[in-house]
Amino acid sequence: RSPTTSEDENCTPVLYNVSEFIPYNPTQEPIFPPELQLDPKYDNQYILFQSSRISWFRPVNLQQLYSLRDRHPGAKIVVGNTELGVEVKFKHCEYPVYINPLW
C-alpha cells in the first residue's frame with residue numbers, strides 16, 4: 001500500500017501533485033482550470049438545494065420564478081450576494097427561502 005492512499009484504493013489524501021504545476025508567469029492572466037468548470041447542462045437546469053432551515057431555488061424561466069413567488073411570497077430574491085451577506089451576517093436577518101434566477 002502506498003503512503004498516499006487510504007484503505008480504499010479509490011481515495012487519496014493528496015489532492016494534487018505540486019510538480020505538475022506550471023510555474024507562475026506574471027505576464028499572463030491566470031485561467032480557471034477547465035477540469036473544475038461545470039458542464040453547461042448543469043448551468044442551465046432548475047436547481048433546488050434544501051436543508052431543514054432553508055431552501056435555495058434557481059428557476060430558469062419567468063414562469064418558474066412567478067410560480068415560486070406565488071408559493072413563497074416572503075422569499076429573498078438573490079442576484080449577487082453582497083447585500084445578502086450583510087443582512088445575514090450583520091443584521092441577523094433570516095430567510096427560509098432564497099430564489100436565485102438564472103438570468
Side-chain angles (χ1 to χ4, degrees):
R1 189 173 89 161
S2 164
T4 60
T5 58
S6 66
E7 295 293 326
D8 180 356
E9 290 298 317
N10 294 324
C11 295
T12 177
V14 177
L15 297 177
Y16 50 83
N17 183 348
V18 177
S19 67
E20 295 176 0
F21 288 178
I22 298 171
Y24 175 67
N25 181 343
T27 64
Q28 296 181 342
E29 280 291 316
I31 62 165
F32 189 82
E35 299 85 5
L36 298 178
Q37 292 178 345
L38 291 178
D39 188 317
K41 71 179 179 182
Y42 297 119
D43 289 341
N44 298 315
Q45 286 185 9
Y46 177 93
I47 294 177
L48 165 61
F49 295 103
Q50 199 163 29
S51 74
S52 60
R53 293 183 353 185
I54 69 161
S55 298
W56 183 288
F57 295 91
R58 186 179 72 182
V60 296
N61 59 46
L62 280 175
Q63 183 60 37
Q64 291 173 348
L65 177 61
Y66 293 149
S67 175
L68 287 168
R69 286 298 290 181
D70 286 344
R71 286 186 284 152
H72 308 283
K76 182 72 169 176
I77 300 224
V78 178
V79 180
N81 193 17
T82 305
E83 183 60 25
L84 178 62
V86 169
E87 289 177 358
V88 171
K89 185 172 183 175
F90 298 111
K91 297 179 182 178
H92 307 289
C93 297
E94 291 185 14
Y95 301 102
V97 178
Y98 297 94
I99 300 174
N100 176 217
L102 182 60
W103 57 97

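Position 1 is the first residue of the sequence, and the numbers go up from there.
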For F90, does the CZ atom sit with more than 12 other heavy atoms under 6.0 Å from it, leaving out its own atoms? no
What do you reckon, is CZ of R71 surrounded by more than 12 foreign heavy atoms closer than 6.0 Å? yes
Distance (rounded to the nearest 0.5 Å) between I22 CD1 and I31 CD1: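 Between atom CD1 of I22 and atom CD1 of I31 there are 8.0 Å.
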Got a second to check how far H92's NE2 is from E94's CD, nearest 0.5 Å? 10.0 Å
Ignoring hydrogens and angles, tell me if any N or O in the side chain of N100 forms a donor-acceptor pair with the backbone of R58 under 3.5 Å. no
Applying the ring-ring contact (aromatic ring centres under 6.0 Å, His included) criterion to W56, which one of Y95, Y98, F49, Y46 satisfies it?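 When ring-ring contact (aromatic ring centres under 6.0 Å, His included) is applied between W56 and each of Y95, Y98, F49, Y46, only Y98 qualifies.
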Of all the heavy-atom pairs spanning [X] and [Y], show the shortest one and how long it is.
| X | Y | result |
| --- | --- | --- |
| P59 | L65 | CB-N, 3.8 Å |
| P101 | V78 | CD-O, 3.6 Å |
| Q50 | S55 | NE2-OG, 3.1 Å |

Quick check: do L102 and N44 have side-chain heavy atoms less than 4.5 Å from each other?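 Yes - at least one pair of side-chain heavy atoms lies under 4.5 Å apart.
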